[in-house]
Peer 1: 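Got a structure for you, written out below as structure tokens; questions coming shortly.
Here the structure is a predicted model, which is why all the values come from computation and not from measurement. In this chain, numbering begins with 1 at the start of the sequence shown.
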Amino acid sequence: MRVVIAGAGIAGLTAALSLHAAGITEVVIHEAVEELQPLDVGINILPHAVRELIELGLGDRLAEIGVETADLTFINRYGQRIWSEPRGLRAGYTWPQYSIHRGRLQFMLLRAVQERLGAEAVVTGSPVTGLDHDADLLIGADGIRSGVRRALFPEEGEPLWSGDVLWRGTSYSTPFMTGKSMIMAGDGIQKIVIYPIAPPDPDGGQLINWGIQHKATEAAHRGDWNRPVSLEKVLPHVADWHCDELDIPGLIAAAVKVFEYPLVDRDPLPSWSAEKVTLMGDAAHPMYPTGSNGGTQAVIDARVLAYALATGRGLEFYEEQRRPVTNNVVLANRKDGPEVVLKLAHQRAPRGFADIEDVLPLAEREEIALRYKQLAGFEPATLNARRSWSVTADASPAGTTGAAAGLSRSSRSTSPS
């Protein structure tokens, strides 16, 4: 079975590795840019995606370049704690959560693809703009402005803008809290996420990622995804934000570069696939960066698609397993996902509170957190008990005939359980 993948981002590279691991080795990735450049921002990979990368044999590499996230704390603009919870192994998962430099993650995946599939497996300067291809399957993993998706849905138009912008940057600073902590700070107008994306260096400094989501006062530049902006534009918005564990204004001021992104997504699709074509990652379900689910869901897409093809279950099975989940995450993220606790606390106590229990009781906070984990597929007990998406000896063979036949075969098979 021959597979062509459009896009050498996290989704496309993980798809190539997943297909190779499942026995489908004739795979080529076509990337539009002439030279891949590492994106200097952070990303969180949640336990249900870390599981998949570990099962691809990448656990040691992840641990080497990432920070094993220990906890997540939500605070208001005055530094008052709204909610805190353990993450990863400390939360009872079998697999950790990682906060990681997005560019380093992408290049780690790229090196693994080149080692396992060969240097010729990734072709740069080769955009995929339509549905014509010399393969049994074309996978559109080419992002929110996917050429494959545009060919499938030519009337869809531009991504949908929320009215918010996202300012992002990285700063070197001293570690805060555990050195493996995440902070979400927010009110009804903006929210800030902060977390380290590399282990501390020998001098005690640490690379820390931050992002500020803010209501836009002017139209966003939706055509420019890496638009540099000045620190002077950003600093007034955090000048009076307080946190006992971290100097937020000082951290932002230490950034070398700041980039502005429009906060956009797309409406869920009724289908991702046509004959010999399917979508994954941001090409299939672009979502707001809420709840750390964008890259995570792309990794899981890749693994489920490889399983579906290798076991003859086909594209219908892939969509049955992935489209309802990701559609729900897209819609939940529009309502702030688990970060809704920031908005609720502000609405109920805009000037702060003496006791969070009087504002947002623990039972309500726990229910919000659990509901999102269930919706996004990473409630600990369920994830820990689920069988692997790896193709093993007890699965159907991944021979060319069976895998190719599975592209169009209807299947009512269920997921591993």
Peer 1: List in chain and number order the residues that pass side-chain hydrogen bond (donor to acceptor under 3.5 Å, both in side chains) with Ser99, two or more places apart in sequence or in another chain; answer none if no residue qualifies.
Peer 2: Asn44, Thr69
Peer 1: Verify whether one side chain among Asn327 and His285 offers a donor that lies under 3.5 Å from an acceptor in the other.
Peer 2: no
Peer 1: What distance do Tyr98 atom OH and Lys180 atom NZ have between them, rounded to the nearest 0.5 Å?
Peer 2: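 Reported to 0.5 Å precision, the distance equals 9.0 Å.
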Peer 1: Let me confirm one number: the OG-CD1 distance from Ser84 to Ile356, rounded to the nearest 0.5 Å.
Peer 2: 12.5 Å
Peer 1: Without hydrogens or angle criteria, can the side chains of Ser388 and Glu55 be said to hold a donor-acceptor pair below 3.5 Å?
Peer 2: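 There is such a pair between these side chains.
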Peer 1: Out of curiosity, Glu275 CD to Leu131 CG, how far, rounded to the nearest 0.5 Å?
Peer 2: 11.0 Å
Peer 1: Not counting sequence neighbours, which residues clear side-chain hydrogen bond (donor to acceptor under 3.5 Å, both in side chains) with Asp247? List them please.
Peer 2: none
Peer 1: Is the side chain of Arg313 donor-acceptor paired with the backbone N or O of Tyr318 at a distance under 3.5 Å, no angle test?
Peer 2: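 Between the backbone of Tyr318 and the side chain of Arg313 there is no qualifying donor-acceptor contact (under 3.5 Å).
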Peer 1: State, without any angle test, whether Tyr372 and Asn333 hold a side-chain donor-acceptor pair at a distance under 3.5 Å.
Peer 2: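 Their side chains do contain a donor-acceptor pair, which is all the 3.5 Å distance test asks for.
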Peer 1: If you look only at pairs with a residue in residues 194-217, which of them pass as a salt bridge (Lys or Arg N to Asp or Glu O under 4.0 Å), with sequence neighbours excluded?
Peer 2: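 Qualifying pairs, neighbours excluded: Asp164-Lys215.
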Peer 1: Judged by atom type as modelled, is there a donor-acceptor pair below 3.5 Å linking the side chain of Thr14 to the main-chain atoms of Val299?
Peer 2: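 No, because the side chain of Thr14 does not come within donor-acceptor range (under 3.5 Å) of the backbone of Val299.
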Peer 1: Do Ser181 and Arg87 have side-chain N/O donor and acceptor atoms under 3.5 Å apart?
Peer 2: no
